[in-house]
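To start, the structure under review is shown below, and the notes come after it.
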Amino acid sequence: MTALTDKQILLGVCGGIAAYKACDWTRALRREGAAVTVVMTEAATRFVAPLTFAALSGRKVYSAMFAADEAEQIPHIGLARQADAVLIAPATAHTIARLAHGLADDLLSTLVLATTAKVVVCPAMNSQMYRHPATQANLARLREYGYTIVEPACGTMACGEEGPGRLVEWEEARQAVLTALSRQDLAGLDVLVTAGPTREPLDPARLLTNRATGRMGYAVAAAARQRGAHVTLISGPSELPVPAGVELVRVTSAMEMHREVLSRAERMAVIVKAAAVADFRPKATTPSKVKKGKASLTLELAANPDILQELGAMKARSACFPLLVGFAAESGELRAEAQRKLTEKNLDLIVANDITAPDAGFAVETNRVLLIDRNGTETELSLLSKEETAHRIWDAVVTRQR
Ligand code: CTP
C-alpha cells in the first residue's frame, strides 16, 4: 500500500518521442495500485498504439473527443470528475500552448479545463523549443494556474541536441504526483532532517562507519516535501537520489553534521534526526596510510558530540525551539531504551526500531517502528514501507503541533 493505491490517475500522453516512456509510467502506477486512465492526443497515437496503453492500463484509452459509436459521447466531464490527479507526460510544446491559452480543441485539453484535480505537467521536447520564450511564457502561465511543472532533465536528446528537454525519470514525476495528492499540512514550515551514516576517517584508506543507507531519513525528507514543508536534508554518505525540491547538505563525519545541524537549528520548526551518527571517531587521523607493520593493534577513540542531546539541552533553555524528533536504533529493550533516550535527550517524539529484525532497520525498504511521544503516548506501527512510515511520523508531528 502506498499513497498512490486506489487513486485515479488520468495520464495525458502527447505526441513526442518520449511517449514510449509513458508506457513504463503506466505500469509503475499500476504496480502501486493506482487506476490509470490514459488519454492520448491525436499526435501521441502516431508514436505509440493506443492498444499498448489499453493493455498496460487494463482500461479503455481515450483519444477522440466525439466517439460516435460509444454510448458515452463526450467523455471529458466524467473523466475530469473521476481524476484524483492529472499527469501529462510527455507534455509537448503544442499541448502546453493549448493549456496555457485555455483551448479546448481536443479531449486532453478539454478535460484539463474541466477538472478540479491537481495537474502535473512533465514537458519533453527539443531543447530549443523548450527554451523558446513562447514555451517559457506558456509554462509560466501554467504555474500561475497552479499546475506543477516538473522541469525536464538535461542530456542528449533523441534529435541529437544537448540541453534541457528530456523527460524526467519516473521517480521525480512520482514525487510530484504524490505532492499533488498530499494534504499540505506542513505548508511553509522549515524542516530539518538528518540521514545516513557518518564516516570517521582513520587514514586516507580506512574509516569507521555503520550500516545505515539513509533510506529512512530520505523518506522522511521526501514526505515532508510532499506535505508542503521547506526541507533541508543533512546527509551523511548515501547513494540515494535526492528527493526533488529538497535542499541537500552533504556531510561526511559526525563533527561536520554537528556543525551543519547546529548552525541551522534555531530557525527550524521541526528537526528529525534519522541519521545513524557514529558515537566515536579515531582519536588521531593520519594524512598518510598507516602501514600494517607499524600499526598498533589497539584503536584509540574519541567521543563524538551527541547532536540530538545538545539540541535537547538547547530546547530546555529556549521557549520557542523546534519540535524534536529522534530515532532509537535498538537490538534489545526497545521500549525502555527509547523511553530513556526520549527523556535524556528532551525529545517531543521518538521513533524506535529493532535493527536486528530482517524486515526493519538498516538497508531494507520496510520498517516496523514504535512511536513514543513526550506524554508517554505509544503508537505501534505495523510493517510498512519506509515511505509510509515517514508519513505516519509526520502525522504524529502534525497532531502534536495542533
Ligand atoms: N544521535 C546524535 N548524535 C550522536 C548519536 C546519536 O544526534 N552522536 C541521535 C541519532 O540521530 C538518533 C538518536 O540520537 O536520533 C539516537 O541514536 P542511537 O544511535 O539510537 O542512540 P545513541 O544515543 O547513540 O545511544 P546508544 O548508542 O547507547 O544506543
Side-chain angles (χ1 to χ4, degrees), residues 191-201 207-221 224 231-238 249-266 268 270-283 301-316 321-357 360-363 367-374 386 389-390 393-394 396-397:
V191 160
L192 189 150
V193 179
T194 69
T198 63
R199 283 185 186 164
E200 311 300 324
L207 48 90
L208 298 180
T209 189
N210 58 58
R211 291 180 194 277
T213 59
R215 278 197 180 85
M216 193 62 238
Y218 278 55
V220 169
V231 185
T232 305
L233 173 62
I234 300 185
S235 173
S238 170
V249 180
R250 281 197 196 280
V251 295
T252 305
S253 65
M255 295 301 270
E256 283 175 43
M257 185 174 281
H258 177 256
R259 189 181 62 231
E260 299 296 344
V261 171
L262 289 198
S263 67
R264 293 171 172 81
E266 263 155 329
M268 297 293 159
V270 185
I271 300 178
V272 182
K273 285 231 65 240
V277 187
D279 290 320
F280 306 100
R281 63 180 184 279
K283 197 162 185 181
L301 299 174
N304 276 328
D306 188 319
I307 307 167
L308 193 52
Q309 185 134 15
E310 282 189 29
L311 293 172
M314 287 162 77
K315 188 178 171 80
F321 201 74
L323 200 133
L324 282 185
V325 182
F327 274 68
E330 305 300 342
S331 56
E333 306 286 336
L334 183 77
R335 186 170 268 105
E337 277 300 286
Q339 187 66 60
R340 177 180 69 78
K341 289 176 189 176
L342 177 82
T343 312
E344 282 183 8
K345 302 193 188 201
N346 190 26
L347 308 180
D348 295 285
L349 181 71
I350 195 154
V351 184
N353 67 327
D354 175 0
I355 53 167
T356 61
F362 297 137
N367 214 348
R368 185 188 286 108
V369 303
L370 169 70
L371 305 181
I372 311 178
D373 75 9
R374 189 181 270 279
K386 286 191 172 164
T389 304
I393 295 167
W394 285 116
V397 168

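Counting starts at 1 for both ligands and their atoms, following the listed order. Owing to the predicted nature of the structure, the values given are computational and were not obtained by experimental measurement.
When side chains are defined from C-beta on, M268 does not count as touching L311, because their heavy atoms never get closer than 4.5 Å. Side-chain contact between L324 and N346 is absent, with no heavy-atom pair separated by less than 4.5 Å. When side chains are defined from C-beta on, F327 does not count as touching V369, because their heavy atoms never get closer than 4.5 Å. At least one side-chain heavy atom of L301 sits less than 4.5 Å from a side-chain heavy atom of L208.
Protein residues lining ligand 1, listed by chain and number: K273, A275, V277, D279, P305, D306, I307, L308, G326, F327, A328, A329, K341, K345 [non-hydrogen atoms, distance under 4.0 Å].
Salt bridge absent: R340 and E330 never bring a charged side-chain N and a carboxylate O closer than 4.0 Å. The pair R259-E256 does not meet the salt-bridge criterion, since no charged nitrogen lies less than 4.0 angstrom from a carboxylate oxygen.
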